[in-house]
2 protein chains.
Amino acid sequence: MILEINSSSSTPIYLQIVEQIHRRIARGALTAEDPLPSVRQLALELTINPNTVARAYLELEFQGVIYKRQAQGTYVSPGAGEASRVERDRMVAALFARAISEAASFGMTPEEIDGVYQKQWRAHR
Amino acid sequence: MILEINSSSSTPIYLQIVEQIHRRIARGALTAEDPLPSVRQLALELTINPNTVARAYLELEFQGVIYKRQAQGTYVSPGAGEASRVERDRMVAALFARAISEAASFGMTPEEIDGVYQKQWRAHR
DNA sequence: TTAACTGTATTATTTCAGGCGATACAGTGA
DNA sequence: TCACTGTATCGCCTGAAATAATACAGTTAA
């Protein structure tokens, strides 16, 4: 398991790990029941602290993407792909919810809010 | 100019000032060419540092809501109401832009993204 | 049973950004 | 020139986040 860690990046190491595992699952490079390296093993490879890897695994476990067998190792969950997609949707949904509630709290009408959304959508392409 | 400052709030003082000025303009309590208290004056009233007031005024000036006459004072801009609305739209637009670009970078299709938006919109009411 | 491996818990260190204040500077006008 | 405007520079403080050091606890196989 070779991961690319940019320690001078502003995004923390543990999140870089989370993200890269997500990507591997998305493109099928990791599938159900595949074992992940132990926290110590991966920590050695990346020359970081085992706790940092553990934190990444904790996050991934919370998201339902991986699971642990006590004192045995860490594995990709069955349905990791689905879980990964759910997580992605959850994050995007949170961003939209924030935008909508902020707008509403500023007294924008539904039409105005939708107008801004449509405009950004057009601007995106 | 009596403002309510909650120094134990998590939102910084200078933003509390910005927000309250915005509100006064929105409800017409402040209109074009109305003078604002000097940075020292307001700082005295609120028992904070003049720099903190200056920072709030800087932000409001950047937003086009107020303007300064050199060594003379600070005044509400003509069209402050409009500027205030523009600023509001700008902020909301930024939130939507963020949501859309994040979603796209995660490989969501336009349909999926719009679906999430619609769902949040329904959830909001 | 014990050695060698899993993950976990606790606590400390470090870093960094934000917010705010002290203080000195610069422009304007009565 | 005095008294008032806003400005610039600098430094301190604090809180949160990230990471690390280290000790703990469970499983498995020789």
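So you know, we letter chains A, B, ... as the sequences are listed, proteins then strands, and number each from 1.
Side-chain atoms of B/Gln20 and B/Gln16 include no donor-acceptor pair closer than 3.5 Å. In this structure, a donor-acceptor pair under 3.5 Å is present between the side chains of A/Tyr67 and A/Glu33. Of the N and O atoms on the side chains of B/His22 and B/Glu87, not one donor lies less than 3.5 Å from an acceptor on the other residue.
Checked for salt-bridge contact, A/Arg24 and A/Glu19 miss the test: no charged N lies under 4.0 Å from a carboxylate O. Between B/Arg55 and B/Glu59 there is no salt bridge, since none of the side-chain N atoms of the basic residue sits less than 4.0 Å from a carboxylate O of the acidic one.
For B/Glu82, the salt bridge (Lys or Arg N to Asp or Glu O under 4.0 Å) partners at least two apart in sequence or on another chain are B/Arg85.
Rounded to whole angstrom, the span from the CG atom of A/Leu36 across to the P atom of C/dC5 amounts to 19 Å. Here the P atom of nucleotide C/dG7 and the OH atom of A/Tyr67 are 13 Å apart, to the nearest Å. Going from atom NZ of A/Lys68 over to atom C1' of C/dA9 covers 13 Å, rounded to whole Å. In this structure, B/Gln16 atom CD and C/dC20 atom C1' are separated by 13 Å, rounded to whole Å. Between the C1' atom of C/dG7 and the CD atom of A/Gln41 lies a distance of 15 Å, rounded to the nearest Å. Taking atom CG of residue B/Leu42 and atom C1' of nucleotide D/dG6, one finds them 14 Å apart after rounding to whole Å. With rounding to whole Å, A/Tyr14 atom OH is found 15 Å from C/dT15 atom C1'.
A parallel orientation is assigned to the rings of A/Tyr117 and B/Tyr117, their planes being inclined by less than 30° (bins at 30° and 60°).
For the segment residues 45-61 of chain A, the set of residues with a heavy atom within less than 4.0 Å of an atom of DNA chain D comprises A/Ile48, A/Asn49, A/Asn51, A/Thr52, A/Arg55, in numerical order.
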Practice problem: Summarise how protein sits on nucleotides 24-30 of chain C as a single string, 5' to 3': B when a protein heavy atom is under 4.0 Å from the base, S for sugar-phosphate-only contact, - for no contact. | Solution: ---BS--
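At a threshold of 4.5 Å between non-hydrogen side-chain atoms, the residues A/Leu36 and A/Tyr57 count as touching.
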Quiz item: For A/Arg88 and B/Glu112, what are the C-alpha separation, side-chain angles and deciding distance, and is it a side-chain contact (heavy atoms from CB on, under 4.5 Å)?
Solution: CA-CA 11 Å; A/Arg88 183 194 68 178; B/Glu112 285 175 318; 3.5 Å; yes
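In terms of phosphate contacts, A/Ser38 brings no side-chain nitrogen or oxygen within less than 4.0 Å of OP1 or OP2 of C/dC5.
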